[in-house]
2 protein chains.
Amino acid sequence: MTVEAQSPLIRKLSTFVALSEAELAVLARLHRRRRTFVAGRDMVHQGQSGQLAYILSSGWVCSYKIQPDGTRQIVDFQVPGDFLGLRSVLLRTSDHSFEPIVDIEAAEVLTDDLLEAFAQTPRLATAILWAASRDEAMVVEHLVGIGRRDADARMAHFLLELGSRLALVGIGSKEGFDCPLTQYHLADTLGLSAVHVNRVLRQLRESGLVTFRDGHVTFHDYGGLVELAEFDSAYLDQSGPLLK
Amino acid sequence: MTVEAQSPLIRKLSTFVALSEAELAVLARLHRRRRTFVAGRDMVHQGQSGQLAYILSSGWVCSYKIQPDGTRQIVDFQVPGDFLGLRSVLLRTSDHSFEPIVDIEAAEVLTDDLLEAFAQTPRLATAILWAASRDEAMVVEHLVGIGRRDADARMAHFLLELGSRLALVGIGSKEGFDCPLTQYHLADTLGLSAVHVNRVLRQLRESGLVTFRDGHVTFHDYGGLVELAEFDSAYLDQSGPLLK
DNA sequence: CGCATCCTTGATACTTTTCAAGCAATGTGG
DNA sequence: CCACATTGCTTGAAAAGTATCAAGGATGCG
C-alpha cells in the first residue's frame, strides 16, 4: 500500500507539489494518532475551545452554525484529505460545530507537532496553507451561490464543486461519485427547505442533467450542468502554492 | 496627534492587546507608504495578481465577486483599521475585486515588510492574524445570514454588525454611524433586490427600530433590533488573541 | 412488529423579484 | 442659466420562486 493510498491529503497535495522524501516523512508523522468518530455526534461543538486539528482520512464531516431559532446553516464540508479545525488551532476562533456525517477516520494533529512540521518543512507549510486558503475560497463561493443563484443553479454548482473536490482525492470523476448526504443536509447547505431540495433534484433528474439517488450522484450531462450553474472552477484549480 | 488617532488599526488592536513601544513603532513603520484611491474604480480586479496589501486608514471599500450573468455579490466591507488583501499577499488567492466606495486613504504594505514585522514582533503577528480570523468569522456569519435569515433580520443584523465594527475604531456607537453605502450596495451585500432593500428599510424605519437616510444610520431601538436580528456579537467580541 | 428516518408529492400561502413609473438631487455642456 | 443625463430613492402591481403544511410511501433496525 503506497503512502498516497493511505492518505488522501498526500494525494491531494501531490497533485500540486512534488513532495520530497523528507516532506512525505513529516506528513506521515502527522498521521500517527489515528482516531475514529461515529456519525451524528458532534466532534466539536459551537463555543467549545478544543484546540485540536484533524486530517480527515475517510468519511465526510460538515461544519455548521445553529441559530437561536433552531435553523442551521452548513458552512462547509470536509471530505477525505481535508483539514478540520486548522484555523481553530492556529487562531482559536472556532465558533461553529463539526458533525461527522458518517463514521469517520481521522488523524489527530497536535498543535505543537503541526508547528514543528511547519518549521521543518516550509514548503509543506506553504502547501497546507494553500489548501486552507482554497477552503476559504470555497466558503466565499458558497456565499455567492446562496446570495445570487437560484435554487437549481445552486444545487448544480454544489454538486459540481463536490465532484471536483472528490476527484482530487480519487473518489469521484465527471461520471459521478458516492455521496452520503441526505436531502436535509443539502437543504441546510443551500439555504433551502428540504421539500424544495427534493423538487429541485427531481427537476435536474428529469432534465437529464444529474441524478442523486441512493447515495450516489451521477452526472448525465456534465457540460449542461456546468452551463446551468455557470460553474467556473478557477477558484478550485489554482496552480498551487507557487513554490520557489 | 496621537498615533492612535492616526491609525484606526492601532486603535483597534489596542482594544484587545496592550502594545509595547516597540510594537507600536513597527506598526507605525507599516503605515509609511500612504496612498489614495478614488471612489468607484477597482483597486484590485478579479483575477489580477497584485501581491499588495493595504491598511485602510479612511474611507470604505467593498470586496465582491461578479458572476457571468452580471449580478454581483459583495462578500465583505473594509472600514478604517481593516486590512485589505492580506490573504492575497500571504497566499496569492485573490479571486475577487476590491472597490473603494468613497475616496480612500490607505497604507500600502509590502510583503517583505509585513513578514519582517511579523518576525520581529510575534505578538503583533498574532494580533493581526487574530483580526484576520475575525474577518473570516464575519464572512461565515454573512453566509449564515443570507442562507437562514429573512430580509428584515438580514438587514438588521448587517447594520448591527457594521455598527459594532465602526465603534471599535471610534466612528460609530449604539446611537448610529455615518454610512456611505447606497441601497444598491446593501442589495448586493444581502442578496436582495434594490427595490426590496428599499421596502425593508422603510419597514424598519416605520417600526421605530432604525433609520438609514442621507448617509446616516440612526438606531432608535437598539435592543429591539438585536432581538429582531437575533444578533449575538460573540463572533466579534472574542477576547482577543490570548497573548501569553 | 413498530418506530424512526428519509424521500416524495400536492395544495396553499408567503416572501421576494421583476417591471414600470415617477421624483429629487446633482452635475455637465451649450 | 438652462436642457439634459445620471444616480439614488420611492412606490405600486403583477409574477415568480420558495416555504409551509399535510400526508403517504419506502426502508432499515431494534
Side-chain angles (χ1 to χ4, degrees), chain A residues 38-41 60 62 67 69-74 99-103 145-156 158 178-207 210-217 228, chain B residues 38-41 60 62 67 69-74 99 101-103 145-156 158 178-207 210-218 228:
Chain A
V38 302
R41 173 167 312 169
W60 295 41
C62 69
Q67 296 211 266
D69 68 357
T71 59
R72 88 166 175 176
Q73 176 66 48
I74 293 179
E99 178 197 305
I101 288 163
V102 294
D103 293 350
I146 292 186
R148 287 298 180 210
R149 280 191 269 266
D150 66 18
D152 292 3
R154 236 181 274 180
M155 179 69 75
F158 176 72
D178 288 324
C179 177
L181 304 180
T182 68
Q183 295 184 354
Y184 293 90
H185 286 122
L186 294 175
D188 286 343
T189 304
L190 301 175
L192 299 170
S193 67
V195 172
H196 201 58
V197 162
N198 185 284
R199 294 190 224 277
V200 167
L201 285 176
R202 170 160 52 134
Q203 200 201 303
L204 292 177
R205 188 184 338 121
E206 290 174 353
S207 313
V210 62
T211 298
F212 182 177
R213 202 156 236 179
D214 299 324
H216 193 82
V217 172
L228 171 64
Chain B
V38 302
R41 171 169 311 168
W60 295 42
C62 69
Q67 296 210 264
D69 68 358
T71 59
R72 89 168 174 175
Q73 176 67 48
I74 292 179
E99 179 197 303
I101 289 164
V102 294
D103 292 351
I146 292 187
R148 286 296 180 212
R149 281 192 269 266
D150 66 18
D152 292 2
R154 238 182 272 179
M155 178 69 74
F158 175 72
D178 288 323
C179 177
L181 304 180
T182 68
Q183 295 185 355
Y184 293 91
H185 285 123
L186 294 175
D188 286 344
T189 303
L190 302 176
L192 300 170
S193 68
V195 171
H196 201 58
V197 162
N198 186 283
R199 294 191 223 275
V200 168
L201 285 176
R202 171 161 51 135
Q203 200 200 303
L204 292 178
R205 189 183 338 122
E206 289 174 354
S207 312
V210 61
T211 298
F212 182 175
R213 202 156 234 179
D214 299 324
H216 193 82
V217 172
T218 310
L228 172 65

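Letters go in sequence order (proteins before strands), and every chain restarts at 1.
Between the CG atom in B/D188 and the CD1 atom in B/I74 there is a gap of 5.0 Å [rounded to 0.5 Å].
With sequence neighbours left out, the ring pair (Phe, Tyr, Trp, His ring centres under 6.0 Å) criterion links B/F158 to B/F77. Annotation: side chain to side chain donor-acceptor pair (under 3.5 Å) contacts of A/S193 (sequence neighbours excluded): none. B/R154 pairs by the salt bridge (charged side-chain N to carboxylate O under 4.0 Å, His left out) definition with nothing, not counting sequence neighbours. For A/E99, the side chain to side chain contact (heavy atoms under 4.5 Å, CB included) partners at least two apart in sequence or on another chain are A/D42, A/C62, A/Y64, A/R72, A/H185. Here B/D103 pairs with B/V38, B/A39 under the side chain to side chain contact (heavy atoms under 4.5 Å, CB included) rule; sequence neighbours left out. For A/D69, the side chain to side chain contact (heavy atoms under 4.5 Å, CB included) partners at least two apart in sequence or on another chain are A/Q67, A/T71, B/E230. Under the rule for a side chain to side chain contact (heavy atoms under 4.5 Å, CB included), the partners of A/D178 that lie at least two apart in sequence or sit in another chain are A/H216.
Rounded to an integer number of Å, the gap from CE of A/M155 to C1' of D/dT18 is 13 Å. If you measure from atom CG of B/D150 to atom C1' of D/dT20, you get 15 Å, rounded to the nearest angstrom. In this structure, A/L186 atom CG and D/dT18 atom C1' are separated by 16 Å, rounded to whole Å.
Axis angle, first five pairs versus last five pairs of the helix from C/dC1-D/dG30 to C/dG30-D/dC1: 30°, rounded to 10°.
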Heteroatom pairs (N/O) under 3.5 angstrom, protein to nucleotides 6-8 of chain D:
none

Under the side-chain contact (heavy atoms from CB on, under 4.5 Å) criterion, do B/L181 and B/T189 qualify, and how do the steps go? CA-CA 10 Å; B/L181 304 180; B/T189 303; 5.8 Å; no
side-chain contact (heavy atoms from CB on, under 4.5 Å), that's the test. Do A/L186 and A/V200 meet it? Break it down for me. CA-CA 11 Å; A/L186 294 175; A/V200 167; over 6 Å; no
Going through the distances and angles, do A/R213 and A/L201 end up as a side-chain contact (heavy atoms from CB on, under 4.5 Å)? CA-CA 9 Å; A/R213 202 156 236 179; A/L201 285 176; over 6 Å; no
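For DNA chain C, the outermost nucleotides in 5' to 3' order that have an atom under 4.0 Å from a heavy atom of chain B are C/dT16 to C/dC19.
Backbone-only engagement by B/G191 is indicated by non-hydrogen atom pairs under 4.0 Å involving sugar-phosphate atoms exclusively. Within the nucleic acid shown, B/A151 comes within 4.0 Å of sugar-phosphate atoms alone, with no base atom in reach, counting heavy atoms only.
For residues 189-207 of chain A, the set of pairs meeting the salt bridge (Lys or Arg N to Asp or Glu O under 4.0 Å) definition, not counting sequence neighbours, is empty.
Taking the nucleotide of DNA chain C with the nearest heavy atom to each of A/R213 and A/R148, the more 5' of the two is matched to A/R213.
For the pair A/V210 and A/M155, the minimum side-chain heavy-atom distance is 4.5 Å or more.
Within residues 198-206 of chain B, the residues having any heavy atom under 4.0 Å from DNA chain D are, by residue number, B/N198, B/R199, B/R202.
Of the candidates D/dC21, D/dT11, D/dA19, the closest approach to any side-chain atom of A/S193 belongs to D/dA19.
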